[in-house]
Amino acid sequence: MVNDRDDASKWVRTVVVPAAGMGIRFLPATKTVPKELLPVVDTPGIELIAEEAAAVGADRLAIITAPNKQEVMRHFEAFPDLVETLESRGKQTQSEKVKRAHSLLNPIAVEQNKPLGLGHAVGLAESVLAEDEEFFGVMLPDDIVQPLTAMEQMVAVRNKLGGSVLLAVEVPREQTFNYGVFDVQDTSDDLVKKVVGMVEKPDPADAPSNLVATGRYVLDRKIFDALRRITPGKGGELQLTDAIELLIQEGEPVHVVVHSGTRHDLGNPGGYIPANVDFGLKSDVYGPALYTQLKKIIADYEADGCA
Ligand code: G1P
């Protein structure tokens, strides 16, 4: 791994996970179940994020929660009674699944009392970082990226070029209004671009490119100071994008790694369903039968003239 474990200043120790949203696009499911606990096959999105954070070498997961979303933190508890019951019944595989989240890393709850935006949420994590932590990771749980090594590449770029590094994907220009959009310049590495501007959810006609932020950030600690200086932006919220733009304007290095793997958006049913199909097909347990069923569902759909 590129995360240099021998030098603590060169690897991500804390990953911040903003998870205080109301899950509006998932109502009515999210009346009682936090969006981050909805499963991809059988594993909640928040556990997939914890796994990715642990894979990059982080040992702290700062979860930004809302006061009514305690169940997200509960998912990381030990559940000794459940483990004992499962083991006494010989259900070892299920027992391992229950224990997994608790064993990955140390989750720390940070409460966000009001939904003031992603920038506000990330700013709250400052208290969790150690004094000598010069940079940290942010993983948005709506975005599931694979392979799990995406942030490792970003950390390698940070260690080489300094500053902050974000993950980027290309989307059709007409979709840019959903994302933070980058204005970039080429570097000698095809997959690394220098960011010269960033704008949150622009009108597609004004988008500086079709390269957008996809939920993975390696941020220099200077972001906290920038977050204190921004004012409400798009949607009346404090936007992380605006703080990054401020750092760029002040000459701080910001780069993107262009993602070469897959990405799913768990934030709405239209992205959540394909994520389940993709992970389901790759599952040893469910994949073969799912493949057969999907082919039949699609054939019936086409026969009905729906396609
Ligand atoms: C957030 C960010 C946006 C980014 C997106 C990635 O928006 O503000 O810059 O491109 O996540 O998923 P949200 O989807 O939370 O509205």
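Just so you know, these numbers come straight off a predicted model, no measurement behind them. Just follow the structure's listing: the first ligand is 1, and inside any ligand the first atom is 1.
No more than 12 heavy atoms of other residues, nucleotides or ligands sit less than 6.0 Å from atom NZ of K222. Atom CG of D206 sits in a crowded spot, with more than 12 heavy atoms from other residues, nucleotides or ligands closer than 6.0 Å. F224 CZ: more than 12 foreign heavy atoms inside a 6.0 Å radius. The number of heavy-atom neighbours closer than 6.0 Å to CD of E84, taken from other residues, nucleotides and ligands shown, is 12 or below.
Within the hydrophobic cluster formed by Ile, Leu, Val, Met, Phe, Trp and Tyr side chains joined at under 4.5 Å, directly or through other members, V169 is accompanied by V171, Y179, V181, V199, V212.
Checked for salt-bridge contact, R13 and E134 miss the test: no charged N lies under 4.0 Å from a carboxylate O.
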Anything under 3.5 Å between a donor and an acceptor, one on a side chain of residues 49-62, the other on a protein residue two or more places apart or in another chain? List them.
| residue | atom | partner | partner atom | Å |
| --- | --- | --- | --- | --- |
| E51 | OE2 | R100 | NE | 3.4 |
| E52 | OE1 | R216 | NE | 3.3 |
| E52 | OE1 | R216 | NH2 | 2.8 |
| E52 | OE2 | R216 | NE | 2.8 |
| R60 | NE | T14 | OG1 | 3.0 |
| R60 | NH2 | T14 | OG1 | 3.1 |
| R60 | NH2 | E133 | OE1 | 2.5 |

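Between E200 and ligand 1, a contact under 3.5 Å exists for at least one N or O pair. By the 3.5 Å distance cut-off applied to N or O atoms, D143 is counted among the residues near ligand 1.
By the 4.0 Å heavy-atom criterion, K201 is counted among the residues contacting ligand 1. Residue contacts with ligand 1 leave out D142, since none of its heavy atoms falls under 4.0 Å from the ligand. Heavy atoms of L240 come nearer than 4.0 angstrom to ligand 1 in no pair at all.
For Y272 and F26, the ring centers are positioned less than 6.0 Å apart.
In the vicinity of L140, heavy-atom distances shorter than 4.0 Å reach the ligand 1 atoms 1 (C), 11 (O). Close approach of ligand 1 to T241 is summarised as follows: ligand atoms under 4.0 Å from at least one heavy atom of the residue are 9 (O). Residue L118 has at least one heavy-atom neighbour below 4.0 Å for each of these atoms of ligand 1: 2 (C), 8 (O).
Nearest to atom 6 (C) of ligand 1 by heavy atom, out of P18, A213, G180, G117, is A213.
Within a 4.0 Å radius of atom 8 (O) of ligand 1, the protein contributes one or more non-hydrogen atoms. The protein does not reach atom 14 (O) of ligand 1 closely, with no heavy atom under 4.0 angstrom from it.
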